[in-house]
Amino acid sequence: MEMSFEVERYNFKNIENKWQKKWEENQTFAVHVDKNKKKFYCLEMFPYPSGKIHMGHVRNYTIGDVLARYKLLQGFNVLHPMGWDSFGMPAENAAKQNKLDPKEWTESNIKKMKSQLKKLGLSIDWNREISTCSEDYYKHQQKFFLELFEKKLVYRKENYVNWDPVDETVLANEQVIDGRGWRSGAMVERKKLSQWFFNISKFSQDLLDGLNKLDNWPNKVKIMQKNWIGKSFGSEIDFEVEGDLSVNKIKCFTTRPDTLFGLSFIALSVDHEISKFYKNDTNFLKFKDECSKTGTTEEAIAVGEKIGFKTNLFATNPFNREQKVPVYFANFVLMDYGFGAVFGCPAHDQRDFDFAKKYNLEIKTVVKPENEDDDYIVRNEAYSDKGVIINSEFLNGLKAPEESVIETIKILEKRKLGKKKINFRLKDWGVSRQRYWGCPIPIAYDKNKNIHVIPDDMLPVKLPQNINLNVKGNPLDSEKSWKKINIDGKDLVRETDTLDTFVCSSWYFLRFCSPHENDYGFNEDDVKYWMPVDQYIGGVEHAILHLLYSRFFMRAISQNNERFDLTEPFNGLFTQGMVCHETYKDKDNNWVSPDEIEIVDGIKYLKGDRSNKITVGPTESMSKSKKNTVDPETIIENYGADAARLFILSDSPPEKDVQWTDEGIVSSFKFIQKLWKLNIKIFSEINQNHEEDADDEIVKYTNNFLKKITNNLENFSYNKIVANLHEIYSFLFKQLNHKYKKNTLIENYKKILIAMQPIIPHFSNECLDMLQIKKIEWPNYDEEIIKEDTINLVIQINGKKRGLLQINMDTPEEELTEIIKKNEKIMKYIEDKKIQKKIYIKNKLINIII
RNA sequence: GCCCUCGUGGUGAAAUUGGUAGACACAAAGGACUUAAAAUCCUUGCCGCUUGCGGAGUGCCAGUUCGAGUCUGGCCGAGGGCACCA
């Protein structure tokens with residue numbers, strides 16, 4: 001196409017501004033319940049207002065926006081809201097460091113980030129904006145808390161926490177670095193503290209069952225949740241105990257009761273009640289201390305050294321009353337799983353095996369692999385695979401574990417030695433946080449620590465403002481006047497713990513349905529219409545906690561509730577990958593950020609310092625610590641929102657990590673410029689007369705394009721859509737060199753522009769506006785038009801491709817054989833050899849075996 | 001240690017139910033246009049004879065099949081998850 005006339009560059013700044021303003025003024029994305037229309041609830045995980053959006057947000061919200069705009073074009077009533085997960089530690093830490101008010105800090109961050117998000121051109125109904133730290137939000141949360149308290153789904157119990165004795169504060173696991181507090185550097189203690197818990201474990205089975213219905217969730221997330229819930233089938237067994245303590249019974253949980261004849265010790269958690277007899281034993285205390293160092297994560301237990309502390313107790317094997325085995329405390333037994341006591345069968349459990357080796361305990365084989373003889377002996381490592389029971393009297397010969405476990409449980413129950421037991425790994429959710437910047441718990445205590453509910457007319461419990469944060473421990477605890485409360489003439493003291501921020505995010509999607517409802521967290525009609533969320537989009541890092549807590553919360557609210565009944569909040573889930581970037585270091589091994597680099601003759605230097613060469617490190621997810629971040633605002637400033645959207649979608653499928661590159665964003669920018677030039681050219685056609693003898697190739701190509709793009713939109717293959725856009729561009733570009741019918745060109749071009757709208761909405765709207773298109777709806781394709789008359793059939797000889805043959809659709813085999821016989825190129829491979837077999841797949845290929 | 005996912009050109013990746021491997025891009029090289037540069041466009045996965053054609057080829061080794069990137073088994077490698085950050 002000759003570009004003899006001057007084309008004005010695409011002024012993305014003016015055009016993007018113009019459309020964003022229009023959308024705001026016209027309330028384009030404001031929605032209301034409309035029972036005549038099919039709804040679609042598109043939700044992305046709301047951000048924490050850290051102060052600036054990052055590329056991860058750009059990706060997350062672009063993916064969501066593509067879907068929301070697509071559904072909008074399809075005629076759905078689309079709810080696409082945005083809000084702020086605005087309680088949490090960062091605000092408190094920032095406020096402490098800079099002597100600010102967390103509320104002001106948070107609100108100014110929100111303001112800033114909101115303006116940044118708007119520059120991305122998202123189709124969001126900002127009328128529904130919510131912020132979890134606003135009283136308007138958390139007052140409803142307090143009511144939910146009390147509802148759950150009423151239903152006995154909230155309770156108080158003592159639990160171990162990481163305690164920083166210098167800061168007098170509870171630490172999260174990640175704040176403990178090498179056993180020391182991240183801020184104070186003091187050795188962290190395990191301390192028992194009375195805390196609030198949500199009874200999520202009550203729903204273990206239901207939460208597990210519910211996963212089966214979530215067909216539109218990624219499998220890996222379901223597996224992670226399944227493992228987290230950790231259902232295991234086994235039995236509890238009572239062991240008789242003798243020794244110098246007043247203990248005569250230990251209850252153990254096991255998934256392998258069938259290996260009871262392989263018993264060689266009993267292992268207890270250091271927190272088991274029997275430990276009370278050792279509370280003054282310095283050796284035991286030393287041992288306990290040692291245990292706390294190894295950590296309690298599954299990995300630490302699996303990999304770490306197994307150590308024990310021998311008691312003077314001996315347990316009797318209930319199946320074989322002569323056998324007495326020692327009782328140990330051991331570091332690999334957890335108190336909060338099962339009964340904090342296990343029986344050790346070293347031959348068939350690797351942990352027990354390691355332990356037995358260390359303390360010279362008997363290793364008795366009771367399961368053999370099926371192909372081994374009965375004298376099989378476990379030697380170098382535990383055998384925990386399938387097999388057959390041996391050396392176990394009445395259990396011998398049973399298939400382990402499928403027959404033997406059930407059979408053993410039957411015998412145990414008959415002899416009253418134990419019973420069937422299903423155990424879940426899922427623990428109750430501790431929601432107490434000893435911090436200021438969170439939702440206050442609407443509870444008070446009297447002198448005897450009895451719990452009193454804050455009555456309805458005294459709600460909400462507001463966070464006090466202008467308080468001193470630079471105190472030891474929880475700042476709320478130092479607010480003497482705030483703590484005091486008088487209920488019905490009684491002087492009480494307020495609960496000073498605040499709620500885990502995961503509570504806030506467990507129901508925010510309900511609030512979006514009726515963000516201005518004053519009496520309750522949501523309006524039941526609104527929720528009935530909008531919920532569940534049709535598509536939820538966010539990072540996989542929330543695969544377990546946030547999603548599981550939300551599923552629990554729906555069940556908890558639904559319980560005994562006539563007005564609300566919803567178990568699964570998220571019908572569809574999509575987890576997007578991270579945004580990565582190369583890492584850079586200067587000659588002194590310091591991290592260098594991409595914008596501190598200049599390139600001269602293909603070599604990277606620190607800006608303004610030719611003596612300082614930059615080495616390029618591996619590509620990693622963007623993080624401040626490695627300085628490999630790129631600021632979205634700068635990108636939008638330089639290249640525009642459409643280019644940023646286009647690039648963030650283009651290089652990798654949304655569920656995988658994507659690498660941000662300068663070259664990539666530049667190429668997206670150029671592509672939009674090219675589209676613009678093409679648009680101007682096509683636009684100029686409107687007023688020109690054209691010969692009407694051209695072909696209709698554009699109709700078929702456009703329909704094909706629409707089919708591909710529709711399929712790709714449906715399947716989150718957004719990277720392929722970008723490829724489709726490149727293809728259609730090349731086609732149109734070439735098409736303009738041929739003869740074509742003007743009206744046909746314009747008609748199809750309109751459809752193409754609309755199909756671009758989810759990806760590059762500003763550009764699409766501007767072009768459509770130029771063509772004065774008012775009615776904008778998703779263009780459907782016509783299968784009839786796409787249908788081809790001929791196809792390229794693949795000819796294979798012995799499975800090897802030897803040629804292509806253009807033949808009519810649905811050519812019968814006999815006819816094809818005739819065609820092939822006349823084809824010298826193909827026949828030369830066959831020569832005079834005998835054809836053994838022919839496999840003909842209609843309209844695809846023929847494979848000739850000779 | 002256990003569980004899950006993924007291995008395709010120099011790079012990011014396509015390949016819808018097993019049926020033309022590498023669409024679409026990035027980078028590099030060569031070419032066209034230009035006084036020149038920029039911009040733009042075209043060509044190029046690898047090995048061989050160098051129009052064209054032939055061969056190998058989707059981490060490695062087997063298997064199923066007329067046919068395997070795709071299915072099965074084993075191995076090697078990378079990433080993620082495994083209880084109080086959001």
Side-chain angles (χ1 to χ4, degrees), chain A residues 1 3 45-48 50 85 87-90 159-162 170-175 182 195 218-224 226-228 230 296-304 334 336-337 350-351 354 384 425-427 429-433 500-502 504-505 539-546 548 577-578 602 619 647 650-653 655-659 661-664 666-668 670-671 674 708 711-712 715 717 719-727 729-730 733 792-804 836-841 843-849:
Chain A
M1 173 174 57
M3 280 286 175
M45 291 180 183
F46 66 164
Y48 179 82
S50 56
D85 189 11
F87 269 138
M89 285 201 309
N159 193 48
Y160 285 102
V161 293
N162 300 314
V170 175
L171 297 176
N173 274 349
E174 64 157 18
Q175 294 173 314
W182 66 309
Q195 302 198 286
N219 220 5
K220 71 169 169 192
V221 174
K222 287 192 276 188
I223 289 167
M224 276 160 80
K226 193 180 162 206
N227 291 343
W228 191 265
T296 53
T297 66
E298 245 184 71
E299 192 200 353
I301 287 167
V303 177
L334 301 174
D336 39 26
Y337 186 72
Q350 194 56 44
R351 288 167 306 184
D354 296 342
S384 47
R425 205 176 71 105
L426 182 65
K427 291 190 286 193
W429 173 16
V431 292
S432 285
R433 296 291 181 271
D500 179 6
T501 56
F502 275 120
C504 305
S505 54
V540 73
E541 64 272 23
H542 294 289
I544 302 173
L545 297 185
H546 162 57
L548 195 66
M578 289 182 296
T619 296
F647 177 59
S650 66
D651 258 10
S652 299
E655 68 275 14
K656 285 176 74 176
D657 288 354
V658 67
Q659 188 180 358
T661 61
D662 278 352
E663 293 81 12
V666 168
S667 122
S668 292
K670 283 182 187 166
F671 182 59
K674 275 157 65 173
K708 279 192 217 168
N711 283 340
N712 288 334
N715 298 316
S717 301
N719 55 323
K720 288 189 244 166
I721 293 178
V722 179
N724 298 150
L725 294 184
H726 281 282
E727 281 165 353
Y729 166 80
S730 300
F733 186 85
N792 286 322
L793 191 88
V794 177
I795 315 292
Q796 291 184 339
I797 311 287
N798 289 343
K800 205 159 261 182
K801 182 189 155 199
R802 291 300 183 188
L804 287 175
Q836 312 277 347
K837 198 176 174 184
K838 275 186 285 186
I839 295 107
Y840 180 43
I841 312 290
N843 302 329
K844 275 226 165 99
L845 59 73
I846 182 160
N847 190 4
I848 301 165
I849 311 302

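Note on naming: letters A, B, ... go to the chains in the order of the sequence lines (proteins, then strands), and numbering restarts at 1 for each one.
When the P atom of B/C24 is taken as reference, atom CG of A/Asn724 falls 11 Å away, rounded to whole Å. Rounded to a whole Å, the CG atom of A/Leu545 is 12 Å from the P atom of B/G81. Protein atom CD of A/Glu655 is 11 Å distant from nucleotide atom P of B/A13, rounded to whole Å. Atom CD in A/Glu663 sits about 12 Å away from atom C1' in B/A28, given to the nearest Å. The separation between A/Glu727 atom CD and B/A14 atom P is 14 Å, rounded to whole Å. Here B/C82 presents its C1' atom at 6 Å from CZ of A/Arg425, a figure rounded to the nearest Å. The separation between A/Ile721 atom CD1 and B/U16 atom P is 17 Å, rounded to whole Å. Atom CG in A/Asp662 sits about 16 Å away from atom C1' in B/A25, given to the nearest Å.
Taking the O4'-C1'-N9-C4 or O4'-C1'-N1-C2 dihedral as appropriate, B/G9 has a value within 90° of 0 and is therefore syn.
Using a 4.5 Å heavy-atom threshold, the side chains of A/Asn715 and A/Lys720 count as separate. A heavy-atom distance below 4.5 Å is not found between the side chains of A/Phe502 and A/Val431. Side-chain atoms of A/Leu804 and A/Leu793, non-hydrogen and from C-beta on, never get closer than 4.5 Å to each other. Within the 4.5 Å cutoff, no side-chain heavy atoms of A/Leu725 are placed close to those of A/Tyr729.
For A/Pro653, whose side chain is taken as the heavy atoms from C-beta onward, the closest listed nucleotide among B/A86, B/C24, B/A14 is B/A14. In the set B/C24, B/A13, B/A86, the nucleotide with an atom closest to the side chain of A/His542 is B/A86.
Taking 4.0 angstrom as the limit, A/Ser650 places none of its side-chain polar atoms (N or O) nearer than this to OP1 or OP2 of B/A25. For the pair A/Thr501 and B/A86, the criterion of a side-chain N or O lying under 4.0 Å from OP1 or OP2 is met. Taking side-chain N and O atoms only, A/Arg802 has a distance below 4.0 Å to OP1 or OP2 of B/G55.
In this structure, A/Gln659 reaches neither bases nor backbone, as no heavy-atom distance under 4.0 Å exists between it and the strands shown. Nucleic acid contact class of A/Trp429 (heavy atoms, under 4.0 Å, all strands): none. Residue-level contact check: A/Gly430 touches the bases, meaning some heavy atom is under 4.0 Å from a base atom. Using a 4.0 Å heavy-atom distance criterion, A/Arg433 is classed as a base contact. Counting non-hydrogen atoms under 4.0 angstrom, A/Phe502 reaches a base of the nucleic acid. Contacts of A/Asn843 with the nucleic acid, taken as non-hydrogen atoms under 4.0 Å apart, are absent. Within 4.0 Å (heavy atoms only), A/Leu426 reaches at least one base atom of the nucleic acid. The residue A/Lys800 sits close only to the backbone: its heavy atoms come under 4.0 Å of sugar-phosphate atoms, none of a base. Nucleic acid contact class of A/Lys427 (heavy atoms, under 4.0 Å, all strands): base. Counting non-hydrogen atoms under 4.0 angstrom, A/Gln836 reaches nothing in the nucleic acid.
Separating the C1' atom of B/A28 from that of B/C60 is a span of 30 Å, rounded to the nearest Å. Using C1' as the reference atom, B/G77 and B/C61 are 15 Å apart when rounded to the nearest Å.
Taking CD1 from A/Ile839 and CD1 from A/Ile849, the interatomic distance works out to 4.5 Å, rounded to the nearest 0.5 Å. Interatomic distance, A/Ile846 CD1 to A/Ile797 CD1, rounded to the nearest 0.5 Å: 8.5 Å. Atom-to-atom distance recorded for A/Gln195:CD and A/Arg433:CZ is 7.5 Å, nearest 0.5 angstrom.
With hydrogens and angles disregarded, a donor-acceptor distance shorter than 3.5 Å links the side chain of A/Asn847 to the backbone of A/Gly799. When atom types are taken as modelled, the side chain of A/Asp657 and the backbone of A/Gly577 share no donor-acceptor pair closer than 3.5 angstrom.
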With the criterion being N/O to N/O and under 3.5 Å, what pairs connect the protein with nucleotides 39-45 of chain B, and how long is each?
residue, atom, partner, partner atom, Å
B/C41, OP1, A/Lys674, NZ, 3.4

Between the protein and nucleotides 17-20 of chain B, which nitrogen or oxygen pairs are less than 3.5 angstrom apart?
residue, atom, partner, partner atom, Å
B/G19, N2, A/Gln796, OE1, 3.3

Starting at the 5' end of nucleotides 4-9 of chain B, put B wherever the base has a protein heavy atom under 4.0 Å, S where only the sugar-phosphate does, and a dash everywhere else.
S-----
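A/His726 pairs by the ring-ring contact (aromatic ring centres under 6.0 Å, His included) definition with A/Phe671, not counting sequence neighbours. Residues meeting the side-chain contact (heavy atoms from CB on, under 4.5 Å) test with A/Lys800, sequence neighbours left out: A/Arg802.
Of the residues near RNA chain B, A/Lys720 and A/Ser652, the one whose nearest nucleotide (by heavy atom distance) lies more toward the 5' end is A/Ser652. Both A/Ile849 and A/Asp85 lie close to RNA chain B; mapped to their nearest nucleotides by heavy-atom distance, the more 5′-ward contact belongs to A/Ile849.
Heavy atoms from other residues, nucleotides or ligands lying under 6.0 Å from NZ of A/Lys674 number more than 12.
With a cut-off of 3.5 Å on both pairing distances, the Watson-Crick and G-U wobble pairs of RNA chain B assemble into stems of 3 or more at B:1-7 with B:76-82, B:10-12 with B:24-26, B:28-32 with B:40-44, B:46-49 with B:52-55, B:59-63 with B:71-75.
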